[in-house]
Novice: 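Please see the structure below; I have some questions.
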Amino acid sequence: MATVRTRYAPSPTGHLHIGGARTALFSYLLAKKHGGQFIVRIEDTDTERNIEGAADKQMAMLKWLGIEWDESVDVGGPYGPYRCMERMDIYKKYVDQLLAEGKAYYSYSTPEEREKERQEQLARGETPKYSGWDRDLTPEQRAKFEAEGRVPSVRFKVPEGKTLVFDDAIRGRVVFESDDIGDFVIMRPDGRPTYNFAVVVDDALMKITHVIRGEEHLSNTPKQLLIYEALGFEVPEFAHVPLILNAEGKKMSKRDETIIQFIDQYKELGYLPEAIVNFIALLGWAPEGEEEIFSLQELTQIFSLERVSKAPAVFDTGKLKWMNGQYIKKAPLERVAALAFPYLEKAGCIESPLSPERKEWVTRVVSLYQEQLEEISQIVELSDLFFQEEMIYSDEAKEVLAGEQVPGVLQAFLKQLKEVRELDADQVKAMFKQVQKETGCKGKQLFMPIRAAVTGVVHGPDLRETIALLGAETVTARVQSLIDNYEVLLENKR
RNA sequence: GGCCCGUUGGUGAAGCGGUAAACACACCAGCCUUUCACGCUGGCAUGCAGGGGUUCGAAUCCCCUACGGGUCACCA
């Protein structure tokens, strides 16, 4: 087989979408698996919808995910330019060729005329399809239209009675009839090509061997097949990947509010790129064994189109979260902490340039929660007992604090606190022992009141670590304050 | 509506003519733990959309029906 060359061809009309990212990933994986090249080409022919900077942002997100390209607008390559709007002369050349060969024609219909035709067909119960009434205009007729000021587009002459067949790498043999396809526009009046034309010319010229794209393009394929043939280009292999559905089983629409679907948003929530890559690889594709945690590197080894499903994939956010948690657990603490800082900062928990000591302290706080984080942003809520100024006691905590033995325990603990200056986990342990000895309380009777008094809640990470990190001053203040306000706080609990 | 595509437990998802129909998420229970979380162990569901075929044998092949989806643009 010739070198495998694949491409991802986004239009710069928005953010990088989950579906787009997956298509890009599959394309990347296939190319890399076979030692080939992955190309990113920008389909910017819809100039009305293009958004300034969107292409750059999408590419930045791809890079963030670890999907790197061999050829594109930024790094160049032997088959550039890689932005459609910079390839105008190329399209023109091929359109002219088709025109000269009688395989395409200037079409003078107006939008109003087309709409009227469409309505009439619909009224007759027919499938709307361009009639091709202006296929064979005489030079006089054309001159007349030109004189009226009509600027023609160029349409492709779809041959009659032709069966179009191709073997999709995922869906197998797919058959269409040319009679179901009307003459379609390949070049707009202003010279910009349409997608179905540009994509063929570009893929052929860029020597793309495998076209991987979403299933919504399946029915575009026969049109493209026609163009490949008319231009004498070699037809690449096609692979139409299944759609991605939301939890309701509907296609993810860009306006769908029920699901987060742009890569940027996941990045902002504190998802790790490895987790996203791993997860979207599993959208429509399944590995052979039972393992399902894979690095990008591993994926390039084991990915194959044969194992891509035909059925639509449902985007299961719960599983994504779980997977992200898996990666957070495995990540080095420093990395998790570095990712957590911005969230804590935004929440007002920490100041901006962190002093080295403070940074170390916050890192230790993060370490207490690393194993249970599924989204880095959760750190704010989880760790708030470390940053809270005023204590708020949960109902459960109040109940614990209402216990008979509590005042004694707290007094004993406070006494211990006054004797130390620096706290570490071992020391806290020793203090607990001492309190136990003095009060005779142990186990939950001992630990729960202290936890409740110090953190305000009855659940949380290791108590010794928590107290050590909180520091003697804060812990003392909290316990003292609780003792001072004990009756008020618990009046409705007794 | 025409043309295409799909349909496996609560969810995701293996399976490609002969399995007790994987596995994962979720959930439940036990263990671990001063609590929570993590982790481990076990359980769970009683699922191959329905109906016809083909076959000794069908989730796997064929047909029909139902349901879901995609597409029919001077958008990609």
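Please read these numbers as outputs of a predicted model, since none were measured by experiment. Order of the sequence lines sets the chain letters (A, B, ...), proteins ahead of strands, with each chain counted from 1.
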Novice: Taking NZ from A:K129 and P from B:rC4, how many angstroms apart are they, rounded to a whole number?
Specialist: 14 Å

Novice: Quantified in whole Å, what is the C1' atom distance between nucleotide B:rC28 and nucleotide B:rA49?
Specialist: 29 Å

Novice: Taking atom CD of A:E52 as the centre, report whether more than 12 heavy atoms of other residues, nucleotides or ligands fall under 6.0 Å from it.
Specialist: no

Novice: For A:G443, which contact category applies under a 4.0 Å heavy-atom criterion: base, sugar-phosphate, or nothing?
Specialist: nothing

Novice: Closest nucleotide of RNA chain B for A:F176 versus for A:E371: which of these residues is on the 5' side?
Specialist: A:F176

Novice: Toward the 5' end of RNA chain B, which comes first, A:P461 or A:R173, by nearest nucleotide?
Specialist: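 Result: A:R173.
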
Novice: Choosing from B:rU11, B:rA22, B:rA76, which nucleotide comes nearest the side chain of A:T45?
Specialist: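 Between B:rU11, B:rA22, B:rA76, the one nearest the side chain of A:T45 would be B:rA76.
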
Novice: Taking only side-chain nitrogens and oxygens of A:R118, does any of them come within less than 4.0 Å of OP1 or OP2 of B:rC72?
Specialist: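 It does not, given that no N or O in the side chain of A:R118 lies less than 4.0 Å from OP1 or OP2 of B:rC72.
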
Novice: So what does A:Q326 hit on the nucleic acid, given a heavy-atom distance under 4.0 Å: a base, only sugar-phosphate, or nothing?
Specialist: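 Counting heavy atoms under 4.0 Å across all strands, the contact made by A:Q326 is with sugar-phosphate only.
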
Novice: Closer than 4.0 Å, any side-chain N/O of A:Q445 to the OP1 or OP2 of B:rU35?
Specialist: no

Novice: When we call it a touch if two heavy atoms are under 4.0 Å apart, what does A:T317 touch: a base, just sugar-phosphate, or nothing?
Specialist: nothing

Novice: Using the C1' atom as the point on both nucleotides, what is the distance between B:rA21 and B:rG15, in whole Å?
Specialist: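 Roughly 8 Å separates the two C1' atoms.
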
Novice: Indicate, with a heavy-atom threshold strictly under 4.0 Å, whether A:D190 touches base, sugar-phosphate, or nothing.
Specialist: nothing

Novice: Does B:rC74 have its OP1 or OP2 closer than 4.0 Å to a side-chain nitrogen or oxygen of A:R155?
Specialist: yes

Novice: Examine A:F197 together with A:F156 and report whether their ring centres are nearer than 6.0 Å.
Specialist: no

Novice: Have a look at A:S219 and say if it touches a base, only the backbone sugar-phosphate, or nothing, with a 4.0 Å heavy-atom cut-off.
Specialist: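 A:S219: backbone/sugar contact only, no base atoms under 4.0 Å.
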
Novice: Touch check for A:L243, heavy atoms < 4.0 angstrom, all strands: base, sugar-phosphate only, or nothing?
Specialist: sugar-phosphate

Novice: Identify whether any heavy atom of A:H217 sits under 4.0 Å from a base atom; if not, whether one sits that close to sugar-phosphate; answer base, sugar-phosphate or nothing.
Specialist: base

Novice: Scan A:R451 against the nucleic acid and name what it touches under 4.0 Å (heavy atoms): base, sugar-phosphate only, or nothing.
Specialist: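 Base contact.
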
Novice: Figure out the NZ/C1' separation between A:K223 and B:rC4, and round it to whole Å.
Specialist: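 Going from A:K223 (NZ) to B:rC4 (C1'), I get 13 Å.
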
Novice: When the P atoms of B:rC61 and B:rG18 are compared, how many Å lie between them, rounded to an integer?
Specialist: 12 Å

Novice: Taking only the side-chain nitrogens and oxygens of A:K310, find out if one of them lies under 4.0 Å from OP1 or OP2 of B:rG6.
Specialist: yes

Novice: If you measure from the P atom in B:rC25 to the same atom in B:rG39, how many Å do you get, rounded?
Specialist: 9 Å

Novice: Counting neighbours of CZ on A:R124 that are heavy atoms of other residues, nucleotides or ligands and sit closer than 6.0 Å, is the number greater than 12?
Specialist: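 Yes - once you tally the heavy atoms of other residues, nucleotides and ligands closer than 6.0 Å, there are more than 12.
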
Novice: Between B:rC48 and B:rG1, how far apart are the two P atoms, rounded to whole Å?
Specialist: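 Comparing P positions in B:rC48 and B:rG1 gives a spacing of 29 Å.
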
Novice: Between the base of B:rA76 and the side chain of A:N220, is there a donor and acceptor pair under 3.5 angstrom?
Specialist: yes

Novice: Is there a side-chain contact between A:H217 and A:V199 (heavy atoms, below 4.5 Å)?
Specialist: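 Of all side-chain heavy-atom pairs linking A:V199 with A:H217, none is under 4.5 Å.
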
Novice: Rounding to an integer number of Å, can you tell me how far A:F413 CZ sits from B:rU34 P?
Specialist: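 In whole Å, B:rU34 P lies 17 Å from A:F413 CZ.
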
Novice: If you look at every strand shown and take non-hydrogen atoms under 4.0 Å, does A:S309 touch a base, only sugar-phosphate, or nothing?
Specialist: sugar-phosphate

Novice: In whole Å, what separates the C1' atom of B:rG70 from that of B:rC38?
Specialist: 43 Å

Novice: Grab the CZ-P distance between A:F184 and B:rC74 for me, whole Å please.
Specialist: 11 Å

Novice: Are A:K330 and A:E274 ion-paired here, with the side-chain N under 4.0 Å from a carboxylate O?
Specialist: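 Here A:K330 does not pair with A:E274 in a salt bridge, since their nearest N and O are not under 4.0 Å apart.
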
Novice: Give the nucleotide from the list B:rC23, B:rC74, B:rA24 with an atom nearest to the side chain of A:E292.
Specialist: B:rA24

Novice: Look at all strands and tell whether A:P10 reaches a base, only sugar-phosphate, or nothing, counting heavy atoms closer than 4.0 Å.
Specialist: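 No contact.
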
Novice: For nucleotides B:rC23 and B:rU33, find the distance between their P atoms and express it as a whole number of Å.
Specialist: 29 Å

Novice: Nearest whole angstrom, please: distance from the P of B:rA37 to the CG of A:L382.
Specialist: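 After rounding, the reported distance stands at 12 Å.
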
Novice: State which residue, out of A:W322, A:Y266, A:F315, A:F294, fulfils the ring pair (Phe, Tyr, Trp, His ring centres under 6.0 Å) condition with A:F279.
Specialist: A:F315

Novice: Does the gap between the ring centers of A:F184 and A:Y130 come in under 6.0 Å?
Specialist: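 No, they do not, as the ring centres are separated by 6.0 Å or more.
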
Novice: May I ask you to say what A:A313 touches in the nucleic acid, namely base, sugar-phosphate or nothing, with a heavy-atom cut-off under 4.0 Å?
Specialist: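 Since only primed, P, OP1 and OP2 atoms lie under 4.0 Å of A:A313, the category is sugar-phosphate.
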
Novice: Under a 4.5 Å cut-off applied to non-hydrogen side-chain atoms, are A:L29 and A:L296 in contact?
Specialist: yes

Novice: Could you tell me how far apart A:I328 (CD1) and B:rG39 (P) are, to the nearest whole angstrom?
Specialist: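 Distance, rounded to whole Å: 13 Å.
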
Novice: To the nearest angstrom, how far is A:Y8 atom OH from B:rA76 atom P?
Specialist: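 Atom-to-atom, A:Y8 to B:rA76, this comes out as 15 Å.
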
Novice: What's the gap between B:rG10 and B:rA45 when it is taken at their P atoms, as a whole Å value?
Specialist: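 11 Å, rounded to whole Å.
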
Novice: Between P on B:rG1 and CD on A:E120, what's the gap in Å once rounded to a whole number?
Specialist: 22 Å

